[in-house]
Amino acid sequence: MIRVAVVGYGRCGEAHARCYAGMPDAAVVAVADPTPTRRRLARRHHPHAEVVRSSTELSAEVDLALICTPPSSHETYIEESLLRGAHVFCEKPVFLDPVNGRRLIDLASARARIIFPGHNYLFAPVLNALREQCSPARIGRPQRVEITIDRTRPAPGISDWRPDWRSDRGVAGGGILVDHGAHCVYLTEWLCDRRIRQVSCRIRYGASGIDHWSELRLRLGGGATATVTLDWRAASRRTAYRVIGEYGTAAAVLDDQPGAVPGGRVAGAVPAQGRSGHAHSDWMPEMAREVLRHVACASDVRTLAAPALTVAEVIAAAYASARAGSRWHAVDAHDPERTHRPS
Ligand SMILES: NC(=O)c1ccc[n+]([C@@H]2O[C@H](COP(=O)([O-])OP(=O)(O)OC[C@H]3O[C@@H](n4cnc5c(N)ncnc54)[C@H](O)[C@@H]3O)[C@@H](O)[C@H]2O)c1
């Protein structure tokens, strides 16, 4: 039985806890959250768990910590959990600072513990269908990826804590580039099976000093390119992915407008407000099974966490590029062997 602690019982933490509590080989033994209403809820949902204000108060023996707090605290809780001897699953973005990320991976490696990134879009059926459709056998080698994420505003956090935390750089660690960009970076590499080498970025900042619009241009190995456009002030919601190969195009939309993707095969569409919801809970069981499998065999953390390091490096390079008038920035090709869903 894998004993699970949840750090941060917000919308994501609650959904992960429900998922693990329903698995035969896992038990939620502890929850830490500073918000009293969230602790009350956690006690109701998990009456046998130790529920505390801060993870430093935990006394339960824990095998796996699920870090579900806002991004600026991820690195602190990863380190604390590893030092306790626990394996770690961390919501995205796992690391904000690539240098610190490397240090934490070294720490995990020295202790034979995993850090599993919450890159849950890799478990989305519609995106797996897209990847199938953009395989070289179907459209030739992917040459270009285009991703558009339009939102009318940042997603609100739970009302009892700080619903606007995504607009506070100190808590969120950045704006839309950190929030949605994280998913787009690992998905780009996964969809075209090439590594990001260079980044150029344009950003628009709002009054709060948070980036609310960003255009990320990427150069990948083998001459492939990608453009990721992110907008928190769009007129309507839209999520679109397009992969252009040597002989054809594959596309997917995650909203209600499959016809809005021009050309190519449409891999599928799921409703914007479908079962998945804010935390994409219907993608969670498969990811949780993967996490437990890697915990059971203490898989190599360098392979597992490499995509999270890439996300941190690409986002750091993107902010640096935007500050330097969109100049191309190199991304450290630290691990050419990195894979996104290691078996
Ligand atoms: N992978 C995805 O699809 C996805 C979707 C949404 C959010 N997320 C990620 O999940 C994380 C949490 O987002 P959310 O939407 O659940 O936020 P939320 O606002 O719903 O919840 C945040 C929770 O963290 C708690 N908290 C704040 N500081 C804490 C601390 N120092 N220690 C312990 N708990 C603390 C708050 O009390 C609150 O309960 C973020 O990293 C976010 O990027 C991922």
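All ligand and atom numbering here is 1-based and tracks the order in the structure.
Here Ser73 has no heavy atoms under 4.0 Å from ligand 1, in either its backbone or its side chain. Residue contacts with ligand 1 for Met287 are absent, since no atom lies close enough (heavy atoms, distance under 4.0 Å). Only side-chain heavy atoms of His74 come within less than 4.0 Å of ligand 1; its backbone N, CA, C and O stay farther off. Only side-chain heavy atoms of Arg38 come within less than 4.0 Å of ligand 1; its backbone N, CA, C and O stay farther off. Here Ile158 has heavy atoms under 4.0 Å from ligand 1 in both its backbone and its side chain. At a 4.0 Å heavy-atom cut-off, ligand 1 touches Cys68 through the backbone alone.
With ring centers used as reference points, His16 lies under 6.0 Å from Phe89. In summary, the aromatic rings of Trp283 and Tyr121 are positioned with their centroids under 6.0 Å apart. When ring centroids are compared, Tyr77 and His74 stay outside the 6.0 Å threshold. The distance between the ring centers of His87 and Phe116 does not fall below 6.0 angstrom.
Stacking of Arg151 on the aromatic ring of Trp232 is not recorded, the 6.0 Å distance cut-off and the 45° axial limit not both being met. A cation-pi contact links Arg169 to Tyr319, judged by a cut-off of 6.0 Å to the six-membered ring centre and 45° from its axis.
The existence of a salt bridge linking Arg194 and Glu189 is excluded, since no basic side-chain nitrogen approaches an acidic carboxylate oxygen closer than 4.0 Å.
Close to ligand 1: Arg166, with a non-hydrogen atom less than 4.0 angstrom away. Every heavy atom of His119 sits 4.0 Å or more from the atoms of ligand 1. Taking a 4.0 Å cut-off on heavy atoms, His183 registers as neighbouring ligand 1.
To the nearest 0.5 Å, atoms NE2 (His48) and NE2 (His46) are separated by 11.0 Å.
Closest protein heavy atom to atom 35 (C) of ligand 1: Pro34 CD, 3.3 Å. Regarding atom 3 (O) of ligand 1, its nearest protein heavy-atom neighbour is Asn120 ND2, 3.0 Å. The nearest heavy-atom contact from the protein to atom 31 (N) of ligand 1 is Tyr77 OH, 2.8 Å. Nearest protein heavy-atom neighbour of atom 5 (C) of ligand 1: His278 O, 3.4 Å. Considering only non-hydrogen protein atoms, atom 20 (O) of ligand 1 sits nearest to Arg11 N, 2.9 Å. For atom 11 (C) of ligand 1, the nearest protein heavy atom (residue, atom name, distance) is Thr69 O, 3.4 Å. Looking from atom 16 (O) of ligand 1 to the surrounding protein, the closest heavy atom is Cys12 N, 2.9 Å.
Within a 6.0 Å radius of CD in Glu61, no more than 12 heavy atoms belonging to other residues, nucleotides or ligands are found. No more than 12 heavy atoms of other residues, nucleotides or ligands sit less than 6.0 Å from atom CZ of Arg53. Heavy atoms from other residues, nucleotides or ligands lying under 6.0 Å from CZ of Arg43 number more than 12.
Among Tyr9, Trp165, Trp161, the residue whose heavy atom lies closest to atom 19 (O) of ligand 1 is Trp165.
Contact atoms of ligand 1 toward Pro70: 24 (O), 27 (C) (distance under 4.0 Å to a heavy atom of the residue). Atoms of ligand 1 lying under 4.0 Å from at least one heavy atom of Gly157, given by number and element, are 19 (O).
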